[in-house]
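Data first, discussion second: the structure below is written as structure tokens.
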Amino acid sequence: VIRCRAAVAWAVGKPLSVEEVEVAPPKAGEVRIKIVATGICRTDDHVLEGCFPNVDFPVIPGHEGAGIVESVGEGVTSVKLGDKVIPLCLPQCGECSFCLNPESYYCQKSHVSEPQNLMPDKTSRFTCKGKQIHHFLWVSTFAEYTVVPEYAVAKIDAAAPLDKVCLLGCGFPTGYGAAINTAKVKPGSTCAVFGLGGVGLSVVMGCKAAGAARIIAVDINKDKFAKARELGATDCISPRDFRKPIQEVLTDMTGHGVDYSFEVIGHADTMTAALASCNMNTGVCVIVGELASGSVISIDPMLLLSGRTWKGTLLGGYKMKDSIPKLVSSYLEKKFNSDLLITHTLPIAKVNEGFELLRAGK
Ligand code: NAD
Ligand code: ZN
């Protein structure tokens with residue numbers, strides 16, 4: 001058993017509490033990882049707000065991390081002690097019918113199909129003050145050590161800087177893949193990206209890499225525009241600067257609406273606005289933002305009858321165990337610069353400060 005620090009969420013609506021926790025050794029088929037760095041994703045904040053009824057408290061959140069294998073359980077072959085790794089919040093078991101389908105990326109062994117946020121054997125590897133603490137998405141990267149199933153961890157290049165490539169655990173692939181894999185943005189096309197957090201800016205990067213001619217970035221926080229432009233946005237607009245609904249503004253700007261729109265905020269009204277912003281016949285709208293589980297959106301069905309496609313994506317549509325190591329190699333070959341997404345670097349003791357910066361749009 002390892003004793004180390006972790007940021008524990010004891011109850012909905014409470015700040016995280018940095019505690020000493022015990023991390024049990026990995027069981028058969030599991031890997032214990034020393035987490036070196038982790039990003040903060042808005043999804044972690046949704047957890048603290050209680051948006052996901054399936055997430056039981058107390059829980060150690062965090063799902064965008066990178067680390068080094070500390071030990072492995074019996075039968076583990078794909079990683080070994082000392083390997084640099086990224087824990088996968090969407091696993092890839094390689095055996096289920098979805099993993100065997102080249103068109104699918106959603107592994108059926110995912111924790112999303114497992115309600116309790118415990119390990120696959122329904123137990124936890126974390127305790128604190130005598131209490132069992134739940135895992136989050138199996139990865140719980142807000143702990144200095146974490147335990148994950150072997151099929152939820154990918155070995156990456158030993159040269160990778162862990163404090164940078166941790167973003168390849170969620171935010172970057174989610175946004176980049178939403179453009180490349182889910183929307184399949186074509187060269188010369190026009191895109192609109194609603195929301196310019198870490199994920200939305202990654203969508204901008206993906207649209208640019210796919211050869212989009214025009215990328216319209218939409219956010220109510222204009223402080224995000226400089227970075228969006230640096231990453232490839234050609235136009236930046238705030239819905240608050242217009243009297244008309246933003247979908248009408250985008251239609252006026254483009255003639256017939258954009259070819260691809262992306263909602264990367266997590267609000268029902270911007271999800272429908274993003275749908276209405278794309279070409280009525282050939283447009284594709286991708287939902288990336290998350291609403292609280294059980295939310296309902298109502299739309300005029302005409303929006304879809306006329307031909308639009310409305311899709312969603314988890315983690316950008318990558319088969320993660322195969323794809324994350326390749327993305328890390330592309331990062332090392334400087335095919336994209338996800339370092340530009342890093343705004344602040346803090347020690348774990350200041351994790352709540354990190355959340356305050358996120359909520360303040362910083
Ligand atoms: P973030 O909070 O950093 O960014 C959201 C941005 O939206 C902010 O810049 C904010 O100013 C802007 N915004 C808020 N309201 C707006 C409005 N009405 N109009 C225009 N802009 C508005 O969040 P993030 O970490 O980039 O995550 C974005 C969303 O993606 C979250 O909902 C998160 O849960 C979700 N997410 C989904 C996946 C997935 O697999 N689908 C993965 C990671 C994150
Ligand atoms: Zn995330």
Side-chain angles (χ1 to χ4, degrees), residues 38-49 51-52 55 61-65 86-90 105-106 110 112 136-137 139-142 166-179 181-183 192-205 216-228 231 233 236-242 245-247 249-250 261-274 277 286-293 295 311-318 320 338 341-344 354-362:
T38 180
I40 296 180
C41 169
R42 181 62 83 166
T43 305
D44 297 308
D45 196 39
H46 293 327
V47 170
L48 302 183
E49 290 169 344
C51 292
F52 308 117
V55 175
H63 61 279
E64 189 175 83
I86 288 183
L88 308 175
C89 39
L90 199 58
Y105 61 88
Y106 180 91
S110 157
V112 181
F136 175 56
L137 303 183
V139 296
S140 291
T141 59
F142 291 173
C166 60
L167 300 183
L168 275 58
C170 174
F172 179 77
T174 298
Y176 199 76
N181 302 325
T182 313
V193 182
F194 288 65
L196 303 172
V199 187
L201 290 170
S202 302
V203 175
V204 170
M205 293 167 86
I216 306 172
V218 182
D219 202 299
I220 50 176
N221 179 354
K222 292 186 182 177
D223 293 345
K224 306 272 180 163
F225 290 171
K227 189 65 72 72
L231 294 173
C236 293
I237 57 174
S238 166
R240 294 194 173 152
D241 287 346
F242 302 91
I246 192 70
Q247 55 269 40
V249 174
L250 286 162
S261 56
F262 300 86
E263 202 278 358
V264 208
I265 303 165
H267 291 164
D269 55 349
T270 42
M271 287 179 184
T272 46
S277 301
V286 179
I287 289 185
V288 186
E290 285 164 21
L291 279 175
S293 305
S295 304
K311 314 176 80 169
T313 190
L314 278 173
L315 278 308
Y318 288 105
M320 288 194 88
S338 49
L341 301 171
I342 299 171
T343 53
H344 301 78
F355 277 87
E356 287 312 320
L357 289 163
L358 174 77
R359 292 177 195 127
K362 300 249 160 56

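Counting convention: from 1, in listed order, for ligands and their atoms alike. It should be emphasised that the depicted structure is a prediction, and the values quoted were computed from it without experimental measurement.
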Q) Within a radius of less than 6.0 Å around CZ of Arg359, do more than 12 heavy atoms belonging to other residues, nucleotides or ligands occur? A) yes

Q | atom 2 (O) of ligand 1: the protein heavy-atom neighbour that sits closest, reported with distance to 0.1 Å | A | Arg42 NE, 2.7 Å

Q.
Give me the atom names and distance for the closest heavy-atom approach of Cys89 to His63.
A. SG-O, 3.6 Å

Q) Taking heavy atoms and a distance under 4.0 Å, where does Leu358 meet ligand 1: side chain, backbone, both or neither? A) side chain

Q: Report yes if Val199 has an N/O atom closer than 3.5 Å to an N/O atom of ligand 1; otherwise report no.
A: yes

Q. Which protein non-hydrogen atom lies closest to atom 40 (O) of ligand 1, naming both residue and atom, and how far is it?
A. Leu315 N, 2.9 Å

Q) Between Lys224 (side chain) and Asp219 (backbone), is there a donor-acceptor pair under 3.5 Å? A) no

(Q) Do Ile237 and Ile216 have side chains that approach each other closer than 4.5 Å (heavy atoms only, starting at C-beta)? (A) yes

Q: For Gly195, counting its heavy atoms only, list the atoms of ligand 1 lying under 4.0 Å from any of them.
A: 6 (C), 7 (O)

(Q) Quick one, Thr174 and Ser202 - any side-chain contact, counting heavy atoms below 4.5 Å? (A) no

Q | For ligand 1, the portion of Thr174 having any non-hydrogen atom under 4.0 Å away | A | side chain

Q. Does the Glu356 side chain pair with the main chain of Ala360, one donor and one acceptor, at a distance under 3.5 Å?
A. no

Q: Measure across Ser110 and Leu90 and return the closest heavy-atom pair with its distance rounded to 0.1 Å.
A: OG-CD1, 4.0 Å

Q: With the side chain counted from C-beta on, respond yes when Leu201 and Lys227 share a heavy-atom pair under 4.5 Å apart, and no when they do not.
A: yes

Q: Please could you name the atoms of ligand 1 that Thr313 approaches to less than 4.0 Å, counting only its heavy atoms?
A: 39 (C), 40 (O), 41 (N)

Q: Identify the heavy atoms of Ser338 and Phe172 that sit nearest to each other, and give their distance.
A: CB-CD1, 3.9 Å

Q) What's the shortest distance from atom 5 (C) of ligand 1 to any protein heavy atom, and which residue and atom give it? A) Val264 O, 4.0 Å

Q.
Geometry only, no angles: is Asn221 polar-contacting ligand 1 at N/O separations under 3.5 Å?
A. no

Q) Can you list the atoms of ligand 1 that are under 4.0 Å from a heavy atom of Leu196? A) 6 (C), 9 (O)

(Q) Suppose I only count heavy atoms of Gly289 and a 4.0 Å limit; which atoms of ligand 1 are within that range? (A) 29 (C), 30 (O), 32 (O), 35 (C)

Q.
Quick one, Glu64 and Leu167 - any side-chain contact, counting heavy atoms below 4.5 Å?
A. yes

Q.
Please check this pair: side chain of Ser140 against backbone of Pro61, looking for a donor-acceptor N/O pair closer than 3.5 Å.
A. no

Q) To which of Arg240, Lys224, His267 does the heavy atom nearest atom 15 (N) of ligand 1 belong? A) His267

(Q) Applying a heavy-atom cut-off of 4.0 Å, say which part of Ser238 lies close to ligand 1: side chain, backbone, both or neither. (A) neither

**Q.** Heavy-atom closest pair, residues Val288 and Ala178
**A.** CG2-CB, 3.9 Å

Q: Distance to 0.1 Å, residue and atom name: give those for the protein heavy atom nearest to atom 37 (C) of ligand 1.
A: Val288 O, 2.9 Å

Q | Best match, Cys170, Ala228, Gly39, Ala178: closest heavy atom to atom 43 (C) of ligand 1 | A | Cys170

**Q.** contact_flag Gly198 ligand 1 heavy-atom lt 4.0 Å
**A.** yes

Q) Does the Tyr105 side chain pair with the main chain of Leu314, one donor and one acceptor, at a distance under 3.5 Å? A) yes

**Q.** Polar contact flag for Ile265 and ligand 1 (N/O pairs, less than 3.5 Å)
**A.** yes

(Q) So which atom in Pro239 and which in Ile220 form the shortest heavy-atom distance, rounded to 0.1 Å? (A) CD-CG2, 3.9 Å

**Q.** Donor-acceptor pair, side chain of Asn221 and main chain of Gly361, under 3.5 angstrom
**A.** yes

Q) Does ligand 1 have a heavy atom under 4.0 Å from the side chain of Thr270, from its backbone, from both, or from neither? A) side chain

Q) Just distances here: any N/O of Pro239 and N/O of ligand 1 closer than 3.5 Å? A) no

Q) Gly361: heavy atom below 4.0 Å from ligand 1, yes or no? A) no

Q | Residue, atom name and distance, where the atom is the protein heavy atom closest to atom 38 (C) of ligand 1 | A | Glu290 OE2, 3.4 Å

Q: Please find the N/O/S atom of His63 nearest to the Zn ion (ligand 2) and write down its name.
A: NE2

Q: Note the single closest protein heavy atom to atom 33 (C) of ligand 1, along with its residue, its atom name and the distance in Å.
A: Thr43 OG1, 3.5 Å

Q. Got an N, O or S from Cys89 under 2.8 Å of the Zn ion (ligand 2)?
A. no

**Q.** Ligand-side contact atoms (ligand 1) for residue partner Gly197, heavy atom cut-off under 4.0 Å
**A.** 1 (P), 3 (O), 4 (O), 6 (C), 9 (O), 26 (O)

Q. N/O of His63 under 3.5 Å from N/O of ligand 1, yes or no?
A. no

(Q) Within the structure provided, determine whether Thr43 and Glu290 are in side-chain contact (heavy-atom separation under 4.5 Å). (A) yes

Q.
Heavy atom to atom 9 (O) of ligand 1, shortest distance: which of Val218, Asp219, Ile246 holds it?
A. Asp219

Q | Whether Ser261 side chain and Ala274 backbone form a donor-acceptor pair below 3.5 Å | A | yes

Q: Find all atoms of ligand 1 within a distance of less than 4.0 Å from any non-hydrogen atom belonging to Cys41, and give their numbers and elements.
A: 43 (C), 44 (C)

Q) Hey, does Leu314 come in under 3.5 Å of ligand 1, counting only N/O atoms on both sides? A) no

